There are 2 protein chains.
Amino acid sequence: MAEKAKIRSLPKFAHLPQGDFDQVYAAAAGRSFAAGATVSEQGDVATYFFVLLDGRLRVTQVTAESQQVIVRIVNPGDLFGIAKALQRTDYPGTATAVSDSVVLSWPMARWSDFMGNYPSMAMSAMQTMGTRLQEAQARMRELATEEVERRVAHAVLRLGEQSGREEAGGIRIDFPVSKQDIAEMTGTTLHTVSRILTAWEHAGLVVGGQQKLLLKDRRRLALIGDGEVPGLLGG
Amino acid sequence: MAEKAKIRSLPKFAHLPQGDFDQVYAAAAGRSFAAGATVSEQGDVATYFFVLLDGRLRVTQVTAESQQVIVRIVNPGDLFGIAKALQRTDYPGTATAVSDSVVLSWPMARWSDFMGNYPSMAMSAMQTMGTRLQEAQARMRELATEEVERRVAHAVLRLGEQSGREEAGGIRIDFPVSKQDIAEMTGTTLHTVSRILTAWEHAGLVVGGQQKLLLKDRRRLALIGDGEVPGLLGG
DNA sequence: TGGCCAGCTTGCGCTTGCTCAAAGTTGCGG
DNA sequence: CCGCAACTTTGAGCAAGCGCAAGCTGGCCA
C-alpha cells in the first residue's frame, strides 16, 4: 500500500519504531473530502482527531455575533482536531476543505493511549502545540500593534511560507484564497484587503485574480510587514 | 521544609509518584524576586524553566518598533519559561515580577529528561500549553472582531478570574495593574482605557485607583464584553 | 512639609479603516 | 454561448479611537 509508505515518511511518524507505527496505522481510518466539505464542526463532540495527508483545510471559529475568524490553515502532514489536548470534549473550530483533501482519523478515545505509550508521538504533539502557540502569539502581537496593511503583509507572507509553491515569477499560494479569507485572517474587511492588494499589484509586489495570489516580491512585502516602508495605500 | 509540602500540593505535582517528586524537587532551585525585578529576559538564552510559587509575574514581548505587549500574567502554580517546548533556545518574552515573587527553577537541560521520564509531568505541561493556546486564540478573536470597550471588558474579567480575590463589594485584582498595563493587554492606549474605566466607574461597574482595580458588577461587565449592551463611552 | 515623579484624566483635531452602495469581472453549468 | 452566482473593485461619507498636549493627584522621600 503506497499510502502507508507515504504516511510513514511524514516527520510526525518518522521517529516511531516500526512496531509502534504498525499499531498506530492499524487504528487509523482514511477519508476523503471534496473542496467545500466540512471535516469537523465547531461545537460538535470531538470523536476523532486527524492528520491531513493531502489537500488543504481552513479552520474557522464563529463568534457569538456570527463573525467568522480564520484560526489557521492546515497543511499536509499537520495534526488537527486535537480537542483532548486542549482539555475539551468538543471541537473548538470548524475545519473545511478548501481543496480536495484526504485525512487520516483516529478515535479520540485513543488519544491518551497514544500519548502515554508512544513518547515520540507525545513529543511531536507537543511540538505542534508549541508551534501553534507561537503563531497565535505572533498574530496577537500583530493585531494589537500593527495597522491593517502590515497585518495583511504578514498574513500573505505566512501563507507563502506555509502553503506556497515556488513558481516562475514568484510564490504561488497553493489553494484558493479569497479576499474575504484574507480579511478573516487579519481582522479587517474584504474591501480594505481589495484596496491594499490592488495597490500592491500596481507596484508589482503581487499578482492577484479570483481566489488566486502570487507573491512576486517577498522582500518588499517583508519591508512593509516590518513597517520599514510607508505602505502603499493612499498613494 | 514547609516549602516542599506546599509544592507537593500544587496540581502540577500532585499526581507524581513520591519517588519521582523527590527527584524532581532535588533538581530545583528556589529564588526570590522583588516587585519590579526581571526573572527572565526576551532574547536571552533559555537556561532555566520555572514554576511560580508566590507572587505575580507579567510576561511581555517587545515588537521591532519597541511597542510592548503583555502576553500573559503568571499566577502561583503556573509553569513558565518553557522555551524548549516551543522549540526555541531563547526566551520569547520577558517575565517581570509585579509583586514580590518566589520561583522554583530547573536547568533547561533537564526538560526532555522530565518529559520523557515523568509522563504525568508531560501531561501537565501539555495541559498548560493547551490552556494557553486557547487563551491566545480567544484574544486573537477579540482583537480581530471586537471594539476596544469590549476587549477591555474581557481583559478585566479575565484578570478577575485568574488573579482576583473575593472581597467585600466585589473582586479585587490582586496585584498592581496600571492603565498602561490594561492598554498593553488589549491593544489600545492608556488614554482610551482611562476614559472607559472612568465611564464604568460612574456607572458603578468598577472602582479604580492608582494601579488598583475592583470589579463590582461582573454580570454587567460580561454583558458589555459580549456586546449585548451598547457600551458606556460617548454617553 | 514641601517637592518630585509616576500614574492618571481630559480636551481636541485628525487619521485609519469601516459602512453602505453600486457596478464590474470571472468562471462554470446548462 | 448565455446567464447566473460568486467574487472583486471602487467611491463617498463617517466614526472610533489615536496622537498630542496640558494639567491633575497622591504617594514617597528628604
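Remember, it's a predicted structure, so these values are computed and weren't measured experimentally. In what follows, chains are A, B, ... by sequence order, proteins preceding strands, each numbered from 1.
When only modelled atom types and interatomic distance are considered, A:R88 and B:Q134 share a side-chain donor-acceptor pair under 3.5 Å. No hydrogens or angles considered: a donor-acceptor pair under 3.5 Å links the side chains of B:N75 and B:S163.
B:E147 comes within 4.0 angstrom of the backbone, heavy atoms only, and of no base.
The phosphate of C:dT10 (OP1 or OP2) has no side-chain N or O of B:S194 nearer than 4.0 angstrom.
Between B:Q211 and A:T192, the residue whose closest nucleotide on DNA chain C is further toward the 5' end is B:Q211.
The nucleotide whose nearest atom lies closest to any side-chain atom of A:Q210 is, among C:dT25, C:dC18, C:dG7, C:dT25.
Side-chain contact between A:W200 and A:V152 is present, with heavy atoms from C-beta onward closer than 4.5 Å. Using a 4.5 Å cut-off on side-chain heavy atoms (C-beta onward), A:L223 and A:R219 make contact.
Within 6.0 Å of CZ in B:F50 there are more than 12 heavy atoms belonging to other residues, nucleotides or ligands. Counting non-hydrogen atoms of other residues, nucleotides and ligands closer than 6.0 Å to CZ of A:R150 gives a total above 12.
Residue B:E149 contributes atom CD, which lies 17 Å from atom P of D:dA15 at whole-angstrom precision. D:dG17 atom P lies 7 Å from atom CD1 of B:I196, rounded to whole Å. Between B:R195 atom CZ and D:dA15 atom P the separation is 18 Å, expressed in whole Å. Going from atom CD of A:E201 over to atom C1' of D:dT8 covers 12 Å, rounded to whole Å. Between the NZ atom of A:K212 and the P atom of D:dT9 there is a distance of 13 Å, given to the nearest Å.
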Q. Are A:I224 and A:E149 close enough, and set up right, to give a side-chain contact (heavy atoms from CB on, under 4.5 Å), and what steps lead you there?
A. CA-CA 8 Å; A:I224 292 177; A:E149 188 166 358; 4.1 Å; yes
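Residues from residues 168-190 of chain B lying near DNA chain D, meaning a heavy-atom separation below 4.0 Å, are B:T188, B:T189 in numerical order.
Put simply, the side chain of A:D90 never gets that close to the backbone of A:V45: no donor and acceptor are under 3.5 Å apart.
Under 3.5 Å, the side chain of A:H191 and the base of D:dT8 form no donor-acceptor pair of N or O atoms.
Between A:L104 and A:A28, the shortest heavy-atom distance links the atoms CG-CB, 3.9 Å.
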Intra- and inter-strand pairing of DNA chain C, written as dot-bracket with Watson-Crick and G-U pairs under 3.5 Å and | for the latter, reads ||||||||||||||||||||||||||||||
